[in-house]
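Take a look at the structure below.
Each residue takes its place number in the sequence, starting with 1. All values below come from the heavy atoms of this structure, side chains included, with hydrogens, waters and symmetry mates left out.
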Amino acid sequence: MGKPKKHYDPDRAAARRKQVLDAAEACFLRHGFHGTSMAAISQAAGMSVGHIYNYFNSKEAIIAAMCEREMTRLLARFQDMAASRERFVGELKAILRERIAEEADAGCGALTRDIQAELGRNEVLTRAIQDFDRRIREELVRLCRLHAQKLSERTIAARIEVLLVLLNSYGLRGIVSPDIDREAYTEEVDGLIETLFSD
């Protein structure tokens with residue numbers, strides 16, 4: 001008589017996926033996307049490569065799951081931003097400050113640029129990042145419609161794009177201009193957000 005089949009445990013699977021994602025993120029930050037192998041991720045996660053392939057079939061799939069995790073976190077924050085314009089603007093400022101701090105970190109900034117370099121030539125990764133961007137942009141447009149009702153759809157779309165540029169540009173500026181005054185930069189970004197999302 002054969003061994004009884006193991007029943008799928010969703011909580012255990014979720015915990016294992018998180019274990020892999022946490023290990024992969026640490027490896028990516030330390031060695032970059034290309035410098036990280038599935039073997040390195042398996043060692044950091046404390047499980048075999050074969051076991052990891054039960055949850056993710058590639059490094060690109062891991063990055064896509066990391067995007068999904070970050071998107072879930074951001075969308076949860078966006079829910080609170082619907083309460084008032086003050087909450088909306090305040091949370092946007094906080095998110096920008098966090099992003100600037102991340103980009104100022106050598107490991108995080110390098111990983112972002114590593115992934116950006118793959119866009120357009122790595123189809124799986126490009127689709128994952130595009131989906132992340134689309135869903136975040138749609139939610140920001142919804143919130144902007146709610147809190148800046150006098151703005152036209154065209155203006156709202158343009159202002160969201162400016163916001164997304166701000167979210168993703170500090171790392172590049174830090175390379176080009178390494179002596180940038182981060183606090184002064186952040187204060188100006190705060191002022192821009194106030195202007196962008198006023199009627």
Mind checking whether [X] and [Y] have side chains closer than 4.5 Å, heavy atoms only?
X	Y	answer
Glu139	Gln79	yes
Asn122	Ile115	no
Leu164	Leu140	yes
Phe132	Ile63	no
Arg87	His147	no
Arg97	Asp190	yes

Spacing of [atom1] belonging to [X] relative to [atom2] belonging to [Y], to within rounding of 0.5 Å:
X	Y	atom1	atom2	answer
Leu92	Leu167	CG	CG	8.0 Å
Ser48	Asn54	OG	CG	7.5 Å
Arg121	Thr126	CZ	OG1	9.5 Å
Glu183	Ile100	CD	CD1	9.0 Å
Phe56	His51	CZ	NE2	11.0 Å
Gln149	Ile156	CD	CD1	9.0 Å

- [ ] Take Glu188 and Leu192, measure what side-chain contact (heavy atoms from CB on, under 4.5 Å) needs, and give me the verdict at the end.
- [x] CA-CA 6 Å; Glu188 291 303 317; Leu192 281 172; 5.6 Å; no
TODO: Please answer: with hydrophobic residues joined when any side-chain heavy atoms are less than 4.5 Å apart, are Val124 and Ile129 in the same cluster?
DONE: no
- [ ] Is it possible for you to say whether Phe88 and Leu146 belong to one hydrophobic cluster, with membership spreading through side-chain heavy-atom contacts below 4.5 Å?
- [x]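 They do not share one cluster, since no chain of ILVMFWY contacts under 4.5 Å joins Phe88 to Leu146.
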Would you mind checking if [Y] and [X] are paired as a salt bridge, meaning a charged N to carboxylate O distance below 4.0 Å?
X	Y	result
Glu68	Arg135	yes
Arg134	Glu138	yes
Glu187	Lys93	no
Glu123	Arg127	yes

Neighbour count >12 (heavy atoms, 6.0 Å) for atom [atom1], [X]:
X	atom1	value
Arg154	CZ	no
Arg77	CZ	yes
Glu161	CD	yes

Quiz: residues 16-23 side-chain donor-acceptor pairs under 3.5 angstrom, not counting sequence neighbours:
from, atom 1, to, atom 2, distance (Å)
Arg16, NH1, Gln19, OE1, 3.3
Arg17, NH1, Tyr55, O, 3.4
Lys18, NZ, Asp22, OD2, 2.7
Gln19, NE2, Ala45, O, 2.5
Asp22, OD1, Arg69, NH1, 2.8
Asp22, OD1, Arg69, NH2, 3.2

Measure across [X] and [Y] and return the closest heavy-atom pair with its distance rounded to 0.1 Å.
X	Y	answer
Ile136	Leu75	CD1-CD2, 4.4 Å
Lys59	Phe33	NZ-O, 2.7 Å
Phe197	Ala148	O-CB, 4.4 Å
Val49	Ala39	CG2-CA, 3.9 Å
Cys144	Ile160	CB-CD1, 4.4 Å
Thr36	Cys27	OG1-O, 3.1 Å

TODO: Report the C-alpha separation of Asp131 and Met71 in whole Å, then their side-chain angles, then the decisive distance to 0.1 Å, and conclude whether the side-chain contact (heavy atoms from CB on, under 4.5 Å) test is met.
DONE: CA-CA 10 Å; Asp131 183 57; Met71 184 157 47; 4.3 Å; yes
TODO: Begin from the C-alpha positions of Met38 and Ile62 and carry the test side-chain contact (heavy atoms from CB on, under 4.5 Å) through to its verdict.
DONE: CA-CA 10 Å; Met38 291 296 273; Ile62 291 173; 4.0 Å; yes
Open item on the list: Go through it in stages, so that I can follow the logic: the residues are Phe28 and Asp114, the test is side-chain contact (heavy atoms from CB on, under 4.5 Å), and I'd like the CA-CA distance, side-chain angles, deciding distance and then a yes or no.
Closed with: CA-CA 9 Å; Phe28 289 146; Asp114 216 7; over 6 Å; no
